[in-house]
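Here the structure comes first, spelled out in structure tokens, and everything after it is commentary.
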Amino acid sequence: MDFLFPATVTTPLDRFAFLFLLLILYSFLGWCGEMVYCSLAHWRLCEKRGFLNGPLCPIYGHGALLVLLVLRGGCGSPVLTFLLGGLLTTALEYVTSWAMEKLFHMRWWDYSNRFCNLGGRVCLLNSTLFGLASAGLCHWLSPIVNGWVLGLFDLGVAVPLAAVLLVLYLADIVLSVRSAIQIGSRLAKLHAIQEEFSRKLEELRAEQQRVLEAQLQKVAQQRERLGEGIAAAREAAGARADQAAQALQSRLEPLGELRGEFAQRLEQMKAEAQRRARELYEGQDFFERRLMRAFPKLRSPLHSDALKKLREYWASRKKH
């Protein structure tokens, strides 16, 4: 690792500050590149990208340091640097995607619709771009960035600046991880509301079916008795037939009332579920919403319907 540090950067503290400032610079440059790439792809200025709230994409910073350290500043041939750098950064992207999905139970990006992808986590286009970036980094950009950081050491501000940025960086990581966990928890609660509503709906339908069957059975019995009553009434008097018919009608009337009662209970269930869901929608803070906007292809394998409804809610709010 000594090859990476200038001769004047010797103490452990200085070396840590040097590496950390490189990480921040490359993360910032990577964020700038991501913004330009996404904006050109959609022909408009895209939403802020990246997991962190600040203008940093740490995966680019870590990828740059990984390439510099493993390739020892770059191979003798730019073509070889392109191939090995692309391989290293692709592996880093794959592992990062897998780790973030396991940690937060969400897929943050998905290249399934792109040519030559691996599980939607990496694709040939990105690997090619990463390889080109690795070649440019090792054979052109790295000496320039090293000169910038070394200039901070010459001014005596490198270590204090690194300390301040480290505090902000760690605080941003904590805040972003908290937001990601909250999104996952919110989706789980929304899914639970949907599951609870479905269960109660099935119970209500089963209860309605049992009650209706019982009432219909009573009506059938009444109808049978009515038939006998009508036959007897014809022999006795027509008035008794009218009374028997009225008795059957009075038995049928509660069926309509039951349907109205069950419909009212269903509406109450819907209103309660919608109220609880709306509270969860509106409970999202600025940082959660920013994180979802930063990853427009965010997917939740466990709660896809809840995520879809959450996005639809904020899309409708944005229109109004």
Side-chain angles (χ1 to χ4, degrees), residues 34 38 41-42 44 46-53 59 93-115 117-123 126 175-209 259 262-320:
E34 182 82 8
C38 294
H42 297 89
R44 60 178 175 81
C46 68
E47 294 278 359
K48 181 191 172 301
R49 297 290 173 155
F51 186 75
L52 299 184
N53 295 287
I59 191 171
E93 184 179 34
Y94 187 94
V95 171
T96 302
S97 172
W98 176 86
M100 291 183 69
E101 182 175 351
K102 293 300 179 183
L103 182 60
F104 302 114
H105 307 292
M106 289 181 285
R107 177 72 73 88
W108 295 86
W109 59 84
D110 189 1
Y111 305 131
S112 298
N113 60 340
R114 291 189 179 180
F115 173 71
N117 69 85
L118 183 58
R121 301 186 190 278
V122 295
C123 65
N126 280 19
L175 184 58
S176 299
V177 169
R178 168 184 167 275
S179 297
I181 293 174
Q182 285 181 325
I183 292 174
S185 175
R186 199 173 302 278
L187 293 179
K189 290 177 181 177
L190 287 169
H191 181 78
I193 291 174
Q194 293 173 355
E195 290 290 313
E196 181 182 354
F197 176 78
S198 298
R199 177 178 56 79
K200 288 184 176 180
L201 181 60
E202 289 300 319
E203 292 175 354
L204 182 63
R205 286 174 175 171
E207 180 185 353
Q208 183 182 28
Q209 185 68 23
R259 290 190 180 94
F262 280 112
Q264 184 178 8
R265 289 172 60 183
L266 176 60
E267 289 303 316
Q268 290 174 347
M269 285 169 47
K270 286 182 178 179
E272 176 63 16
Q274 290 172 351
R275 181 191 65 79
R276 293 169 59 191
R278 189 162 49 252
E279 287 180 355
L280 286 170
Y281 294 154
E282 296 177 352
Q284 269 201 313
D285 60 26
F286 167 81
F287 298 104
E288 288 181 63
R289 297 197 299 272
R290 185 215 62 84
L291 195 57
M292 290 184 61
R293 292 194 302 268
F295 291 90
K297 293 187 178 180
L298 176 69
R299 293 195 298 109
S300 174
L302 298 178
H303 313 303
S304 57
D305 288 341
L307 178 59
K308 179 182 178 182
K309 291 183 181 298
L310 182 58
R311 287 195 183 280
E312 290 174 348
Y313 174 82
W314 284 111
S316 65
R317 284 286 300 270
K318 189 176 181 180
K319 290 179 181 179
H320 294 87

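None of the values given here were measured: they were computed from a predicted structure. Side-chain atoms are counted along with the backbone in the values below, which use heavy atoms only and exclude waters and symmetry mates.
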Residue pair [X] / [Y]: nearest heavy atoms and the distance that separates them:
X    : Y    : answer
E272 : R275 : OE2-NH2, 2.6 Å
L280 : R186 : O-NH1, 2.9 Å
R114 : N126 : NH1-OD1, 2.9 Å
R121 : S97  : NH1-OG, 3.0 Å
S176 : L52  : OG-CA, 3.4 Å
A306 : L190 : CB-CB, 3.8 Å

Is a side-chain donor-acceptor pair under 3.5 Å present for Y111 with E93?
->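 Result is yes, a qualifying pair exists.
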Spacing of [X] atom [atom1] and [Y] atom [atom2] [to the nearest 0.5 Å]:
X    : Y    : atom1 : atom2 : value
Q274 : F197 : CD    : CZ    : 8.0 Å
W108 : L291 : CH2   : CG    : 4.0 Å
R178 : D285 : CZ    : CG    : 5.5 Å

Please say which of E203, E196, E202 ends up in a side-chain hydrogen bond (donor to acceptor under 3.5 Å, both in side chains) with K200.
-> E196
So, do L187 and H105 sit near enough that their side-chain heavy atoms are less than 4.5 Å apart?
-> no
Name the orientation class of the two ring planes belonging to W109 and F295 (parallel below 30°, tilted from 30 to 60°, perpendicular beyond 60°).
->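 If you compare the ring of W109 with that of F295, the planes turn out parallel.
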Side chain to side chain contact (heavy atoms under 4.5 Å, CB included) between R317 and E282: does it pass, once the steps are laid out?
-> CA-CA 10 Å; R317 284 286 300 270; E282 296 177 352; 3.8 Å; yes
Backbone of P301 reached by a side-chain donor or acceptor of S304 within 3.5 Å = no
Does a side-chain N-to-carboxylate-O contact under 4.0 Å join R199 and E195?
->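 No.
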